[in-house]
Trainee: 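Dropping the structure in here first, questions after.
By convention here, the first residue in the shown sequence is residue 1.
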Amino acid sequence: MNHSMMFTCLNLTTPCAVTGRSGVPFFNPEMQALLDSPLSLELFLTQEKKARESRQFFSVQNQFPYGPEQKMKSYLFDFCPQFDRFDYLSEDVEFECIGTVCHARPFAFGSTQECVDGQAPRPATFEPGERFTQREWEIVFFALHNLTSKETGRRLGISHRTVENKLQDIYQKTGTHCNRGLAMYCRENGTDRYIPPSLLSPSSHVLNNYGAQ
């Protein structure tokens, strides 16, 4: 394993990992805390092996329970194979994969409208505070995405009348009168990017086509 990369990884304050030819990983404390579950670790090892064997860089969006609290979150993992010359005495340059470097960070979400408005993608948040109940946060999320009461009720398994009644409670709590006002309120309070973990399910998506799927 490349000791220089190990020291670099160790001194980074973001989740980072380095592996050698065998695929045995070295984690910095931040990555170790992030992968604090057998499921997350198994997924990491599988994806690292794909990057090492394909000898190609690839990024993957992993949505799984992370950290000691095992909260469902979405992270972007970048896997970059590392190479070294196989035979320094030969005139033909040959390189072999000697391991990988991986960096993880919260996945940044964006929309086409935000692109037009010149806004940068931002990570989701998962700590909204106690402003609303869990059910109210679920309804707020769908309201911010312009779903109707019927569509929201269908997704949550409740009646549209229940959704409408709870929306009125939400408006009263925020001093607003419609979804547009609610959106402005959430934007000002930094909760417009909140995703209720109850709405998320485990998933994994490779974000390029370099043969590492």
Side-chain angles (χ1 to χ4, degrees), residues 1-88 90 92-111 120-128 141 193-213:
M1 188 178 293
N2 187 315
H3 287 83
S4 295
M5 292 305 301
M6 288 176 59
F7 294 140
T8 300
C9 176
L10 186 61
N11 283 279
L12 291 174
T13 58
T14 53
C16 180
V18 178
T19 65
R21 291 179 176 86
S22 65
V24 176
F26 170 82
F27 299 136
N28 70 354
E30 290 74 16
M31 182 67 89
Q32 189 169 4
L34 184 65
L35 301 179
D36 188 22
S37 78
L39 179 62
S40 299
L41 178 59
E42 181 181 358
L43 181 66
F44 171 88
L45 294 175
T46 299
Q47 293 172 344
E48 187 281 332
K49 182 179 180 181
K50 290 181 179 180
R52 186 162 30 87
E53 293 183 347
S54 68
R55 299 164 61 93
Q56 296 288 344
F57 169 89
F58 81 101
S59 298
V60 58
Q61 177 194 7
N62 289 328
Q63 191 166 277
F64 281 88
Y66 289 112
E69 297 179 355
Q70 289 296 283
K71 285 189 175 181
M72 189 74 71
K73 298 181 181 181
S74 186
Y75 269 79
L76 178 67
F77 284 74
D78 292 320
F79 293 88
C80 184
Q82 301 294 296
F83 298 91
D84 195 7
R85 188 166 179 171
F86 181 73
D87 186 355
Y88 285 90
S90 173
D92 297 326
V93 179
E94 295 185 36
F95 293 90
E96 65 172 341
C97 182
I98 60 173
T100 62
V101 175
C102 176
H103 177 257
R105 59 189 184 277
F107 190 84
F109 293 87
S111 68
R122 294 177 292 152
T125 58
F126 299 92
E127 301 293 341
F141 176 83
R193 286 289 168 144
Y194 174 65
I195 302 179
S198 57
L199 300 179
L200 298 176
S201 57
S203 64
S204 182
H205 303 285
V206 175
L207 303 183
N208 54 27
N209 296 303
Y210 299 147
Q213 291 93 328

Trainee: About how many Å separate CG of Asn28 and CG of Leu12, when rounded to the nearest 0.5 Å?
Mentor: 6.5 Å
Trainee: Taking side chain as C-beta onward, heavy atoms only, is Ser201 less than 4.5 Å from Met72?
Mentor: no
Trainee: Once rounded to the nearest 0.5 Å, what's the spacing between atom CD of Glu53 and atom OG1 of Thr100?
Mentor: 11.5 Å
Trainee: Please say whether more than 12 non-hydrogen atoms of neighbouring residues, nucleotides or ligands are located less than 6.0 Å from CD in Gln70.
Mentor: yes
Trainee: What pairs with Gln63 under side chain to side chain donor-acceptor pair (under 3.5 Å), at least two apart in sequence or on another chain?
Mentor: none
Trainee: Decide yes or no for Pro29 and Leu10: does some side-chain heavy atom of the first lie under 4.5 Å from some side-chain heavy atom of the second?
Mentor: yes
Trainee: Between Val206 and Lys50, is there a side-chain heavy-atom distance shorter than 4.5 Å?
Mentor: no
Trainee: Tell me every residue that passes salt bridge (Lys or Arg N to Asp or Glu O under 4.0 Å) with Arg55, counting only those two or more places apart in sequence or in another chain.
Mentor: none
Trainee: Can you name the residues that form a ring pair (Phe, Tyr, Trp, His ring centres under 6.0 Å) with Tyr194, not counting sequence neighbours?
Mentor: Trp137
Trainee: Do Leu43 and Phe77 touch side chain to side chain, with heavy atoms closer than 4.5 Å?
Mentor: no
Trainee: On a heavy-atom basis, which atom in Ala17 and which in Phe27 lie closest, and how many Å separate them?
Mentor: CB-CD2, 3.4 Å
Trainee: Could I get the full list of ring pair (Phe, Tyr, Trp, His ring centres under 6.0 Å) partners for Tyr75, not counting sequence neighbours?
Mentor: Tyr66
Trainee: Do Met31 and Cys102 have side chains that get closer than 4.5 Å, going by heavy atoms?
Mentor: yes
Trainee: State the SG-CG distance between Cys97 and Asp84, to the nearest 0.5 angstrom.
Mentor: 10.5 Å
Trainee: So, Ser40 side chain and Pro65 main chain: donor-acceptor pair closer than 3.5 Å or not?
Mentor: yes
Trainee: Of all residues at least two apart in sequence or in a different chain, which pass the salt bridge (Lys or Arg N to Asp or Glu O under 4.0 Å) check with Asp36?
Mentor: none
Trainee: Do the non-hydrogen side-chain atoms of Leu207 and Phe58 ever get within less than 4.5 Å of each other?
Mentor: no
Trainee: May I ask you to test the Arg105-Thr14 pair for a side-chain heavy-atom distance under 4.5 Å?
Mentor: no
Trainee: Do the ring centers of Phe7 and Phe26 come within less than 6.0 Å of each other?
Mentor: no
Trainee: Whether the side chain of Arg193 engages the backbone of Phe109 through a donor-acceptor N/O pair (distance < 3.5 Å, no angle test) should be reported.
Mentor: yes
Trainee: Distance from Ile195 atom CD1 to Thr125 atom OG1, nearest 0.5 Å?
Mentor: 7.5 Å
Trainee: Using the side-chain hydrogen bond (donor to acceptor under 3.5 Å, both in side chains) rule, pick out the option among Lys49, Arg52, Gln82, Glu48 that qualifies with Thr19.
Mentor: Glu48
Trainee: Would you indicate whether the side-chain heavy atoms of Leu34 and Phe44 approach each other to under 4.5 Å?
Mentor: no
Trainee: How long is the gap from SG on Cys16 to CE on Met6, to the nearest 0.5 Å?
Mentor: 11.0 Å
Trainee: Which heavy atom of Ala51 sits nearest to which heavy atom of Pro81, and what is that distance?
Mentor: O-CG, 3.5 Å
Trainee: Establish, from distance only, whether the side-chain atoms of Ser74 and Gln61 form a donor-acceptor pair under 3.5 Å.
Mentor: yes
Trainee: Taking it one step at a time, do Cys9 and Val101 satisfy side-chain contact (heavy atoms from CB on, under 4.5 Å)?
Mentor: CA-CA 9 Å; Cys9 176; Val101 175; over 6 Å; no
Trainee: State which residues pass ring pair (Phe, Tyr, Trp, His ring centres under 6.0 Å) with Phe83; sequence neighbours excluded, sorted by chain then number.
Mentor: none
Trainee: If you look at every heavy atom in Leu45 and Gly23, which pair is closest and at what distance?
Mentor: CD2-O, 4.4 Å
